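One structure is given here, and the rest of the page talks about it.
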There are 2 protein chains.
Amino acid sequence: MTYSIGEFSKIVGLSEHTLRFYEKEGLIKVNRDDNNVRIYSDENKLWIESLLHLKNTGMSLKDMKRFAMWGHMGDKTMEERLALLKKHRKKVVEELEKIRQSLEHLDNKINFYENEVGDCFS
Amino acid sequence: MTYSIGEFSKIVGLSEHTLRFYEKEGLIKVNRDDNNVRIYSDENKLWIESLLHLKNTGMSLKDMKRFAMWGHMGDKTMEERLALLKKHRKKVVEELEKIRQSLEHLDNKINFYENEVGDCFS
DNA sequence: TCTTGACTTAGAGTAAACTCTAAGTATTAT
DNA sequence: ATAATACTTAGAGTTTACTCTAAGTCAAGA
């Protein structure tokens with residue numbers, strides 16, 4: 001399947017502006033038809049979804065750019081990409097633990113408030 | 001115990017600029033001595049730590065402001081605070097799950113790369 | 001006395017990641 | 001033939017959360 005930018009925008013949940021911006025930044029390479037109109041493929045979809053996973057885990061655009069650049073350079077950059085992903089993974093795990101702890105704190109606070117409110121209103 | 005802004009800054013890991021900024025924004029109320037110099041207390045420390053937990057879980061300054069404002073208004077705002085915390089908690093849990101999924105994707109990718117690199121280099 | 005560390009207001013600067021506008025052109029579907 | 005959708009460049013604007021600067025004052029300790 002192929003998609004126009006309008007269709008693709010809806011599918012991946014990024015605005016057309018953002019898709020063009022990502023392309024300009026080198027995050028994604030997109031084919032064009034004879035009239036220079038972008039033709040997005042399912043491969044593009046998988047790639048964007050991968051990028052969005054990196055983004056979801058807090059990777060900066062800058063690092064995503066490096067990753068994409070290496071991706072476009074082919075197999076000889078595998079090691080670099082792997083190193084980047086591993087380093088990123090470490091940060092994600094740390095961040096996850098931090099959030100988990102803060103969530104625990106939040107739960108304690110909610111419990112506290114529920115008891116207080118309970119005492120006051122029931 | 002009480003602390004000057006310089007001491008407090010080191011303890012809580014926020015710059016003096018940021019501490020003054022947070023105070024100006026109404027996130028924290030700080031006592032002053034006769035010379036108008038800020039005196040931070042252990043209570044302030046607990047409060048900042050709570051705020052930082054909210055921040056760690058992605059709460060915006062704007063919501064933290066509302067929370068702090070209600071906190072300064074006393075018990076009659078318990079329900080509002082509880083509602084805010086519960087709403088926030090829901091978002092955090094969702095976000096956590098999203099990160100967890102993206103981490104899984106990241107792990108798959110790393111496995112893939114390790115096999116590829118393994119095939120190529122060993 | 002002089003350095004250190006505190007204070008004030010007011011506003012400027014920074015970085016990230018978009019987000020949009022303008023102004024003009026081209027193609028396709030109804 | 002006209003509306004919808006696409007394209008371009010170039011740059012301006014937005015939001016968030018700081019982060020810093022200037023310019024001046026004040027008070028305590030060595």
Side-chain angles (χ1 to χ4, degrees), chain A residues 1-41 44 48 50-69 88 91-92 95 98-99 102, chain B residues 1-41 44 48 50-69 88 91-92 95 98-99 102:
Chain A
M1 273 293 287
T2 60
Y3 317 93
S4 70
I5 195 169
E7 290 162 346
F8 198 70
S9 164
K10 277 166 205 148
I11 292 168
V12 298
L14 295 172
S15 73
E16 300 185 19
H17 279 306
T18 301
L19 286 171
R20 293 197 188 98
F21 170 70
Y22 277 6
E23 188 180 348
K24 199 172 63 189
E25 295 292 299
L27 288 180
I28 183 173
K29 290 228 187 296
V30 187
N31 288 327
R32 307 294 182 108
D33 71 7
D34 292 343
N35 296 311
N36 202 35
V37 172
R38 290 173 180 82
I39 305 170
Y40 290 89
S41 65
N44 287 144
I48 281 280
S50 273
L51 285 185
L52 291 180
H53 281 299
L54 294 178
K55 190 164 128 64
N56 284 344
T57 51
M59 188 181 280
S60 65
L61 260 207
K62 204 177 151 191
D63 275 353
M64 281 163 65
K65 268 188 214 178
R66 292 166 69 210
F67 185 75
M69 202 187 61
H88 181 61
K91 266 174 40 188
V92 175
E95 178 66 13
K98 202 168 129 192
I99 297 177
S102 287
Chain B
M1 276 296 285
T2 61
Y3 318 92
S4 70
I5 194 168
E7 292 163 344
F8 198 70
S9 164
K10 277 165 204 150
I11 292 168
V12 300
L14 295 173
S15 73
E16 300 185 21
H17 279 307
T18 302
L19 285 171
R20 293 198 189 97
F21 170 70
Y22 277 7
E23 189 181 347
K24 199 171 65 190
E25 294 292 299
L27 287 181
I28 182 172
K29 289 230 187 295
V30 187
N31 288 328
R32 307 295 182 107
D33 70 8
D34 291 344
N35 295 312
N36 202 35
V37 172
R38 289 172 181 84
I39 306 169
Y40 290 90
S41 65
N44 286 145
I48 281 281
S50 273
L51 285 186
L52 291 180
H53 281 298
L54 294 178
K55 190 166 129 61
N56 284 344
T57 50
M59 188 181 278
S60 66
L61 261 207
K62 202 175 153 194
D63 274 353
M64 281 163 66
K65 268 188 215 178
R66 293 166 69 208
F67 185 74
M69 201 187 61
H88 180 61
K91 264 174 42 189
V92 175
E95 178 65 13
K98 204 168 128 191
I99 297 177
S102 287

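Reckoned from all heavy atoms, side chains included, excluding hydrogens, waters and symmetry mates. Everything numeric in this text was worked out from a predicted model, so none of it was measured. Numbers restart at 1 for each chain; the letters A, B, ... are given by sequence-line order, proteins then strands.
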Open item on the list: Each nucleotide in nucleotides 20-30 of chain C should get exactly one letter: B, S or -. Can you fill that in based on protein heavy atoms under 4.0 Å?
Closed with: BB-----SS--
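Atom CG in A/N31 sits roughly 17 Å away from atom P in D/dA6 (whole-Å rounding). With rounding to whole Å, A/L52 atom CG is found 13 Å from C/dA17 atom P. Look at CG on A/D63: it is 17 Å from P on C/dA15, rounded to the nearest Å. One interatomic measurement links the two molecules: CD1 of A/I39 to P of D/dA6, which rounds to 13 Å at whole-angstrom precision. A/Y3 has its OH atom 19 Å from the C1' atom of D/dA6, to the nearest Å. Atom CG of B/N36 is separated from atom C1' of D/dA28 by 16 Å (rounded to the nearest Å). In this structure, A/E25 places its CD atom 11 Å from P of C/dA16, rounding to the nearest Å. Atom CG of A/L51 and atom P of C/dC18 are 11 Å apart (whole Å).
Partners of B/F8 under the ring-ring contact (aromatic ring centres under 6.0 Å, His included) rule, at least two apart in sequence or in another chain, are B/Y40. By the side-chain contact (heavy atoms from CB on, under 4.5 Å) test, B/N35 is found to be paired with B/D33, B/V37, residues two or more places apart in sequence or in another chain being considered. Taking the ring-ring contact (aromatic ring centres under 6.0 Å, His included) definition, one finds that B/H88 meets it with nothing, sequence neighbours left out.
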Hey, what are the protein-to-nucleotides 15-17 of chain D N/O distances that come in under 3.5 Å?
| unit_1 | atom_1 | unit_2 | atom_2 | d |
| --- | --- | --- | --- | --- |
| D/dA17 | OP1 | B/L61 | N | 3.4 |
| D/dA17 | OP2 | B/L61 | N | 3.2 |

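In this structure, of C/dT8, D/dA6, C/dA6, it is C/dT8 that holds the atom nearest to the side chain of B/R32. Counting only heavy atoms from C-beta on, B/T18 has its side chain closest to D/dC18 among D/dC18, D/dA6, C/dC7.
How far CD1 of A/I11 is from CD1 of A/I48: 11.5 Å, rounded to the nearest 0.5 Å.
An OP1 or OP2 oxygen of D/dA6 is reached within less than 4.0 angstrom by no side-chain nitrogen or oxygen of A/R38.
Axis angle across the helix from C/dT1-D/dA30 to C/dT30-D/dA1, with five pairs used at each end and values rounded to 10°: 0°.
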